[in-house]
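Below is one structure, written out as structure tokens; comments come after it.
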Amino acid sequence: MRRKDREIVGDENIAKIIEQCTTCHIAMVDDADAGMPYVIPLSFGYCLEGGVLVLYFHCAHVGKKLDCIRKNPSVAFSMCVENRIEIHEDVYCKSGRFYASVVGQGKAEIVEDVAEKCRGLSLLMERQAAGAPHKFEFTPAQAATVTVFKITSTNFTGKAKSEK
């Protein structure tokens, strides 16, 4: 990271950024299209512990992203929170947006274990319904209606330009 002064370290601090993010962009290689990059925004759930970030996603049982993951599980991801922009009238090049982001790389895999699949769906739903008065628990029958995949990463960074 070039701007070490903006680096965010520690699981707890990175989790604070992730909690503010509603969408995670996943980049993968589309071997069916001459190795072109393929990026898609998705809702997500996560757990972060001991420097290991696991992101959970759900989708239909068939589709382009699953085809890409099966052929090449190496992916990159990005999520951010954009805050207000600061305009410097005297020198526009000093203008910029206050933000916080988490980016990284990892391996994607389709979750086959039913218990983990239910847990991933619960984490995803709890993030989407933040502040809901109850926990979301999925049955194996409910989990069978979708595909769940996860990205496991130990190669991620947090970065922020904060208002001081």
Side-chain angles (χ1 to χ4, degrees), residues 1-83 85 96-113 115-131 136 138 143 145-162:
M1 178 178 301
R2 185 181 64 82
R3 295 289 308 259
K4 289 291 188 185
D5 60 315
R6 294 188 180 168
E7 183 176 24
I8 304 297
V9 296
D11 287 359
E12 188 174 297
N13 294 324
I14 289 176
K16 286 178 185 175
I17 296 172
I18 294 172
E19 282 299 316
Q20 298 175 66
C21 299
T22 57
T23 304
C24 182
H25 292 81
I26 308 301
M28 52 195 86
V29 176
D30 183 3
D31 287 333
D33 191 12
M36 290 298 294
Y38 176 62
V39 179
I40 188 162
L42 297 167
S43 299
F44 68 99
Y46 80 99
C47 60
L48 174 57
E49 191 174 314
V52 178
L53 174 61
V54 181
L55 300 165
Y56 289 95
F57 308 90
H58 78 297
C59 60
H61 292 304
V62 296
K64 187 172 186 170
K65 66 183 147 294
L66 293 177
D67 293 343
C68 291
I69 289 168
R70 287 182 179 111
K71 289 180 182 174
N72 184 348
S74 296
V75 298
F77 59 88
S78 173
M79 59 186 87
C80 72
V81 180
E82 294 182 1
N83 296 311
I85 191 165
R97 183 172 298 282
F98 296 104
Y99 67 90
S101 65
V102 175
V103 299
Q105 299 166 320
K107 294 290 183 186
E109 67 180 289
I110 297 167
V111 177
E112 302 292 347
D113 179 77
E116 184 179 10
K117 193 173 179 180
C118 290
R119 180 173 182 263
L121 288 169
S122 294
L123 290 170
L124 195 154
M125 189 64 196
E126 287 168 14
R127 286 203 33 74
Q128 297 309 300
F136 295 91
F138 287 80
T145 65
V146 296
T147 294
V148 172
F149 70 96
K150 68 180 180 179
I151 295 171
T152 303
S153 176
T154 56
N155 182 17
F156 57 92
T157 57
K159 187 175 178 182
K161 179 182 178 185
S162 302

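All heavy atoms count here, side chains included; hydrogens, waters and symmetry mates do not.
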Quiz item: Looking only at heavy atoms, which two atoms of Gln105 and Asn155 are closest? And how far apart?
Solution: OE1-ND2, 2.7 Å
Quiz item: CG/Leu121 to CZ/Phe136 distance, rounded to the nearest 0.5 angstrom?
Solution: 12.0 Å
Quiz item: Between Thr152 (side chain) and Val54 (backbone), is there a donor-acceptor pair under 3.5 Å?
Solution: no
Exercise. Output every pair passing ring pair (Phe, Tyr, Trp, His ring centres under 6.0 Å) with a member in residues 52-73, not counting sequence neighbours, ordered by first then second residue.
Key: Phe57-Phe149
Exercise. Give the minimum heavy-atom separation between Ile14 and Gly158, together with the two atoms involved.
Key: CD1-N, 4.1 Å
Exercise. May I have the step-by-step check of side-chain contact (heavy atoms from CB on, under 4.5 Å) for Asp30 and Cys68, ending in yes or no?
Key: CA-CA 5 Å; Asp30 183 3; Cys68 291; 4.0 Å; yes
Quiz item: How far apart are the closest heavy atoms of Asp11 and Gly50, and which atoms are they?
Solution: OD2-N, 3.0 Å
Quiz item: Taking all atoms of both residues into account, what is the closest heavy-atom pair of Ile18 and Met79, and its distance?
Solution: CG1-SD, 3.8 Å
Exercise. Provide the closest heavy-atom pair for Pro41 versus Thr23 in the form atom of the first, atom of the second, distance.
Key: CB-CG2, 3.5 Å
Practice problem: Could you list the residues that satisfy side chain to side chain donor-acceptor pair (under 3.5 Å) with Lys16, not counting sequence neighbours? | Solution: none
Quiz prompt | Phe156 and its side-chain contact (heavy atoms from CB on, under 4.5 Å) partner, picked from Leu55, Ile151, Leu48 | solution = Leu48
Practice problem: Can you sort out the partners of Lys150 under salt bridge (Lys or Arg N to Asp or Glu O under 4.0 Å), two or more places apart, ordered by chain and number? | Solution: Glu116
Self-check item: From Leu66 atom CG to Ile110 atom CD1, the distance as rounded to the nearest 0.5 Å
Solution: 5.0 Å
Quiz item: Does Tyr38 offer a backbone N or O that forms a donor-acceptor pair with the side chain of Lys65 under 3.5 Å?
Solution: no
Practice problem: Can you sort out the partners of Lys71 under salt bridge (Lys or Arg N to Asp or Glu O under 4.0 Å), two or more places apart, ordered by chain and number? | Solution: none
Practice problem: Report the residues that fulfil side chain to side chain donor-acceptor pair (under 3.5 Å) with Glu19, sequence neighbours left out, ordered by chain and then residue number. | Solution: Tyr46
Self-check item: Nearest heavy-atom neighbours spanning Val81 and Cys21
Solution: CG2-SG, 3.7 Å
Quiz prompt | Set of salt bridge (Lys or Arg N to Asp or Glu O under 4.0 Å) partners for Arg119, sequence neighbours left out | solution = none
Quiz prompt | Test side-chain contact (heavy atoms from CB on, under 4.5 Å) applied to Arg127 and Leu123, step by step | solution = CA-CA 6 Å; Arg127 286 203 33 74; Leu123 290 170; 5.9 Å; no
Quiz prompt | Validation row: Leu53, Phe77 side chains within 4.5 angstrom (heavy atoms) | solution = yes
Quiz item: With side chains defined as the heavy atoms from C-beta onward, is the minimum distance between Phe138 and Met125 less than 4.5 Å?
Solution: yes
Exercise. Using the side-chain contact (heavy atoms from CB on, under 4.5 Å) rule, take Ile40 and Lys64 through it: C-alpha gap first, then chi angles, then the decisive distance, then the call.
Key: CA-CA 10 Å; Ile40 188 162; Lys64 187 172 186 170; over 6 Å; no
